[in-house]
**Q** 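I have a structure here, written as structure tokens, and I will follow up with some questions on it.
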2 protein chains.
Amino acid sequence: MDDATDLREAGLRVTAARLAILEAVRAGDHSDAEHIARDVRAKVGHVSTQAVYDALHALTGARLLRRIEPAGSAARYEARVGDNHHHLVCRRCGAVADTDCVVGLAPCLVPSDTHGFTVDEAEVVFWGVCPQCQVGSGDPRGDGAAKRAP
Amino acid sequence: MDDATDLREAGLRVTAARLAILEAVRAGDHSDAEHIARDVRAKVGHVSTQAVYDALHALTGARLLRRIEPAGSAARYEARVGDNHHHLVCRRCGAVADTDCVVGLAPCLVPSDTHGFTVDEAEVVFWGVCPQCQVGSGDPRGDGAAKRAP
DNA sequence: TCCTTTTCTTGAGTCACTCCAGTTTGTGTA
DNA sequence: TACACAAACTGGAGTGACTCAAGAAAAGGA
């Protein structure tokens, strides 16, 4: 798969910044905007934070990236799109891991009572403690699920 | 059930503000902090925003309230605690509705691969469109999820 | 190569909290 | 009832994560 082609097919222009963002998201593991911006800058030099947000929005809109937002932390981005998978989030350090959908198709679950809503997606977040934090048993970063410390 | 007793049992002091907050959360349907603060002020006169946040934290910590945070909107609070239910969220106006858990006990789902995480809760959010928004097909101006544009 | 449209930059602004230090108040004890 | 003290509250400042706006730069079709 070629990023430039993907961008063009989505009707977006191909720029070094976007290519770098796509690459950074793929390399990073559910990175947040700040993290991605840092990676991109390391690759292509100066890129403004706003440009990163803008690109992230465009890429998310074009379904080239997926945005997830676990409660209590900033938005994260991942390159795994097109399938309907869910996430494991660590309550202590905020680490995120993918886990496959139990059912396969969205919405993979049906609520017991829809209250008249037309449901098109079921988002499942599994809260728990990651292996690293289990080992370090104490709170490795104090701040709970807040800001993420890799 | 008596709110004052609940507070005392949780080791919290009983104040007019806290009682009003509990009542406001119960009356409102998944209100956010701003909303709750307004209701509380209407009831007991002046209460600072910080006092509201502080009380909301204390009450959430004491399991008298539950905090939910749908992506893209501010934290909401609800008084239904103790059971493991899930939420329906409207993509247009941000309205939130409860739906019972299909299983009953947390975690009601088990991920296909835990990646070593010890999972204690599965949070399920069903995204869709509420009845009002289906009818008005535009944005009805729900009290809203604030910033989520259609 | 030119021109249009999209992207990016700089800078200011907003929202939803959080932190801090000092004051007030609810409660258990005397 | 009075008192002491920790919990609760106040006002103000600060922070992180974005969002908005306007002008400059770059991509890509003609």
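Every chain is numbered from 1 and lettered A, B, ... according to where its sequence line falls, protein lines coming before strand lines.
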**Q** Which sits closer to the 5' end of DNA chain D, A:Thr15 or B:Val47, going by the nucleotide each is nearest to?
**A**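 Between the two, 5'-proximity favours B:Val47.
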
**Q** Please state how far atom CG in A:Asp54 lies from atom P in D:dA17, giving the value in whole angstrom units.
**A** 19 Å

**Q** To the nearest Å, how far apart are A:Leu7 CG and C:dT6 C1'?
**A** 13 Å

**Q** Looking for any heavy atom pair under 4.0 Å, which part of the strands does A:Arg67 touch: base, sugar-phosphate only, or nothing?
**A**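 Sugar-phosphate, backbone atoms only, no base.
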
**Q** Looking at B:Thr49, does any N or O in its side chain come under 4.0 Å of the phosphate oxygens OP1/OP2 on C:dC17?
**A**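 For C:dC17, neither OP1 nor OP2 has a side-chain N or O of B:Thr49 closer than 4.0 Å.
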
**Q** Within this structure, what is the CZ-to-C1' distance between B:Arg41 and D:dT10, rounded to whole angstrom?
**A** 12 Å

**Q** Using a 4.0 Å heavy-atom cut-off, does A:Ala58 contact any base of the nucleic acid, only the sugar-phosphate backbone, or nothing at all?
**A**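 The answer is nothing, as A:Ala58 stays clear of every strand by at least 4.0 Å.
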
**Q** Could you check whether B:Asp100 pairs with B:Arg80 (Lys NZ or Arg NE/NH1/NH2 to Asp/Glu carboxylate O, under 4.0 Å)?
**A** yes

**Q** Does C:dC8 have its OP1 or OP2 closer than 4.0 Å to a side-chain nitrogen or oxygen of A:Arg18?
**A**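 Yes, within the criterion.
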
**Q** Using modelled atom types and a 3.5 Å cut-off, is there a donor and acceptor pairing between side-chain atoms of B:His115 and backbone atoms of A:Asp98?
**A**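 Checking the backbone N and O of A:Asp98 against the side chain of B:His115, a donor-acceptor pair under 3.5 Å is found.
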
**Q** Taking only Lys NZ, Arg NE, NH1 and NH2, and the carboxylate oxygens of Asp or Glu, determine whether B:Arg26 and B:Glu78 approach each other closer than 4.0 Å.
**A**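 Salt bridge flag = no for B:Glu78 with B:Arg26.
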
**Q** Just the rounded figure in Å: distance from P of C:dG26 to CG of B:Asp3.
**A**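 Taking CG of B:Asp3 and P of C:dG26, I get 17 Å after rounding.
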
**Q** Expressed in angstrom and rounded to an integer, what is the separation of A:Leu12 atom CG from C:dC8 atom P?
**A** 10 Å

**Q** Write down the distance between CD (B:Glu34) and P (C:dT14), rounded to a whole number of angstrom.
**A** 15 Å

**Q** Name the closest nucleotide to the A:His57 side chain, picking from C:dT9, D:dC18, D:dT19.
**A**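 From the listed options, D:dT19 comes nearest.
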
**Q** Looking for any heavy atom pair under 4.0 Å, which part of the strands does A:Ala33 touch: base, sugar-phosphate only, or nothing?
**A**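 Since no nucleic acid heavy atom lies under 4.0 Å of A:Ala33, the category is nothing.
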
**Q** Using a 4.0 Å heavy-atom cut-off, does A:Ser48 contact any base of the nucleic acid, only the sugar-phosphate backbone, or nothing at all?
**A**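 Base contact.
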
**Q** Just to confirm, is there a sub-4.0 Å distance from OP1 or OP2 of D:dC9 to any side-chain nitrogen or oxygen of B:His46?
**A** no

**Q** In whole angstroms, how far is the P atom of C:dA16 from the OH atom of B:Tyr53?
**A** 7 Å

**Q** Nearest heavy-atom pair of B:Cys93 and B:Cys90: which atoms, and what distance?
**A** N-SG, 3.4 Å

**Q** Grab the CD-C1' distance between B:Gln50 and C:dC17 for me, whole Å please.
**A** 9 Å

**Q** Please confirm whether the shortest side-chain N or O distance from B:Arg13 to OP1 or OP2 of C:dT25 is below 4.0 Å.
**A**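 For B:Arg13, the contact criterion (side-chain N or O under 4.0 Å from OP1 or OP2 of C:dT25) is not met.
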
**Q** Regarding A:Asp120 and B:Arg91, does a basic nitrogen lie under 4.0 Å from an acidic carboxylate oxygen?
**A** yes

